[in-house]
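Let me begin by presenting the structure, written as structure tokens, before commenting on it.
Since we're looking at a predicted model, the values are computed, not measured. Index from 1, following the sequence. Values below: every heavy atom of this structure, side chains too, minus hydrogens, waters and symmetry copies.
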Amino acid sequence: MSMAYEEYMKQMVKPMRAELVQAGFAELTTVEEVEKFVETSNGTSLVVVNSVCGCAAGLARPAATQSVLVSEKKPDHLVTVFAGQDKEATAKMREFFGDIEPSSPSMALIKDKKVVHFIHRYDIEGNSMEAIMENLLSAFEQYC
């Protein structure tokens with residue numbers, strides 16, 4: 001790929017990254033950051049696999065940020081990887097998800113280093129933000 005394309009994409013995704021970071025999510029952009037997170041995180045973690053698609057912008061990111069904002073029970077850690085942008089970091093995180101089929105966007109709730117709840121793209125696309133939030137809030141209530 002050309003350097004111009006790479007730079008263009010970096011600029012295009014800045015607000016998409018910022019939306020989650022401003023809501024308290026730590027962005028994991030390298031394999032090393034993902035490995036450190038996996039090794040050191042205890043308790044519950046919400047992992048958002050971010051994406052440039054419309055269902056990420058209109059549904060997944062708003063549902064994740066609003067769920068964390070309104071829930072009394074919250075995950076201990078909030079992290080995100082960006083599919084299609086930080087490819088190696090995303091691939092490493094997906095290894096941690098085990099046999100769960102890759103999906104962008106998606107969300108994983110992890111408790112004690114095990115995926116206990118997963119929201120695939122097909123659970124996001126075609127649903128309302130409120131339905132996705134209810135899915136997350138129910139998982140928070142059960143596992144956090």
Side-chain angles (χ1 to χ4, degrees), residues 1 5-6 8-144:
M1 272 184 250
Y5 175 78
E6 291 290 327
Y8 172 78
M9 287 307 295
K10 283 182 185 177
Q11 295 304 315
M12 287 297 297
V13 301
K14 275 185 179 182
M16 298 171 201
R17 292 179 181 276
E19 186 174 355
L20 289 172
V21 171
Q22 290 170 353
F25 285 77
E27 194 171 37
L28 307 177
T29 61
T30 67
V31 168
E32 294 77 22
E33 290 172 340
V34 172
E35 288 173 340
K36 182 178 179 184
F37 163 75
V38 169
E39 291 169 9
T40 62
S41 66
N42 293 313
T44 54
S45 303
L46 177 61
V47 179
V48 174
V49 178
N50 202 353
S51 175
V52 298
C53 70
C55 63
L59 298 169
R61 289 192 302 269
T65 59
Q66 291 302 303
S67 293
V68 170
L69 183 68
V70 302
S71 182
E72 289 184 28
K73 291 187 175 183
K74 301 177 193 311
D76 300 310
H77 310 279
L78 305 171
V79 297
T80 181
V81 293
F82 207 119
Q85 299 300 306
D86 303 319
K87 294 175 186 171
E88 293 84 10
T90 303
K92 183 53 95 174
M93 184 60 78
R94 285 178 171 155
E95 284 177 21
F96 182 62
F97 296 162
D99 293 336
I100 297 171
E101 186 177 329
S103 181
S104 303
S106 61
M107 298 176 224
L109 187 62
I110 299 167
K111 183 172 185 172
D112 299 327
K113 303 190 185 309
K114 181 181 178 201
V115 177
V116 293
H117 189 77
F118 197 87
I119 300 174
H120 292 269
R121 178 187 180 111
Y122 58 75
D123 298 316
I124 297 168
E125 201 171 36
N127 281 300
S128 68
M129 187 183 82
E130 294 78 14
I132 300 161
M133 284 180 65
E134 184 54 43
N135 188 335
L136 276 174
L137 293 169
S138 176
F140 293 173
E141 185 66 31
Q142 183 175 357
Y143 297 107
C144 295

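- With a 4.5 Å cut-off on side-chain heavy atoms, V52 and M16 count as touching.
- Under the rule for a ring-ring contact (aromatic ring centres under 6.0 Å, His included), the partners of F97 that lie at least two apart in sequence or sit in another chain are F118.
- Among all heavy-atom pairs drawn from L109 and P75, the shortest one is CD1-CG, 4.0 Å.
- Other residues, nucleotides and ligands contribute more than 12 heavy atoms inside 6.0 Å of the CE atom of M9.
- Although no hydrogens or angles enter the test, the distance criterion places a donor-acceptor pair under 3.5 Å between the side chain of T90 and the main chain of D86.
- Considering only residues two or more places apart in sequence or on other chains, K111 meets the side-chain hydrogen bond (donor to acceptor under 3.5 Å, both in side chains) condition with none of them.
- A search for salt bridge (Lys or Arg N to Asp or Glu O under 4.0 Å) contacts involving R121 returns E125, not counting sequence neighbours.
- Side-chain contact between S106 and H120: absent, with no pair of heavy atoms (C-beta onward) separated by less than 4.5 Å.
- Remark: S128 engages E130, A131 in a side chain to side chain contact (heavy atoms under 4.5 Å, CB included) (not counting sequence neighbours).
- Considering every non-hydrogen atom in both N50 and A56, the closest pair reads OD1-CB, 4.4 Å.
- Counting only heavy atoms from C-beta outward, the side chains of M107 and L136 approach each other to under 4.5 Å.
- Using a 4.5 Å heavy-atom threshold, the side chains of V34 and E88 count as separate.
- Here salt bridge (Lys or Arg N to Asp or Glu O under 4.0 Å) pairs that include residues 38-67, with residues two or more places apart or in two chains, are E19-R61.
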Distance-only donor-acceptor pairs under 3.5 Å for side chains of residues 77-85, two or more places apart:
residue	atom	partner	partner atom	Å
H77	NE2	N42	O	2.9
T80	OG1	V48	O	2.8

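- Between V49 and S103 the shortest side-chain heavy-atom distance does not fall below 4.5 Å.
- For NZ of K113, the number of neighbouring non-hydrogen atoms (other residues, nucleotides, ligands) closer than 6.0 Å is greater than 12.
- Counting heavy-atom neighbours within 6.0 Å of Q11 CD, excluding the residue itself, gives a total above 12.
- Screening residues 27-72 for ring-ring contact (aromatic ring centres under 6.0 Å, His included), with sequence neighbours left out, gives no hits.
- Remark: N127 engages no residue in a side-chain hydrogen bond (donor to acceptor under 3.5 Å, both in side chains) (not counting sequence neighbours).
- When every heavy atom of T44 is checked against every heavy atom of C144, the shortest pair comes out as OG1-SG, 3.7 Å.
- Pairing each heavy atom of C55 with each of P105, the nearest pair is SG-CD, 3.6 Å.
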Step-by-step side chain to side chain contact (heavy atoms under 4.5 Å, CB included) determination, I132 to D123:
CA-CA 8 Å; I132 300 161; D123 298 316; over 6 Å; no
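- By the side-chain hydrogen bond (donor to acceptor under 3.5 Å, both in side chains) test, K73 is found to be paired with E141, residues two or more places apart in sequence or in another chain being considered.
- For T29, the side-chain hydrogen bond (donor to acceptor under 3.5 Å, both in side chains) partners are E33, not counting sequence neighbours.
- Among residues at least two apart or in separate chains, there is no salt bridge (Lys or Arg N to Asp or Glu O under 4.0 Å) pair with a member in residues 96-108.
- Checked against ring-ring contact (aromatic ring centres under 6.0 Å, His included), Y143 has no partners two or more places apart in sequence or in another chain.
- When atom types are taken as modelled, the side chain of S71 and the backbone of V68 share no donor-acceptor pair closer than 3.5 angstrom.
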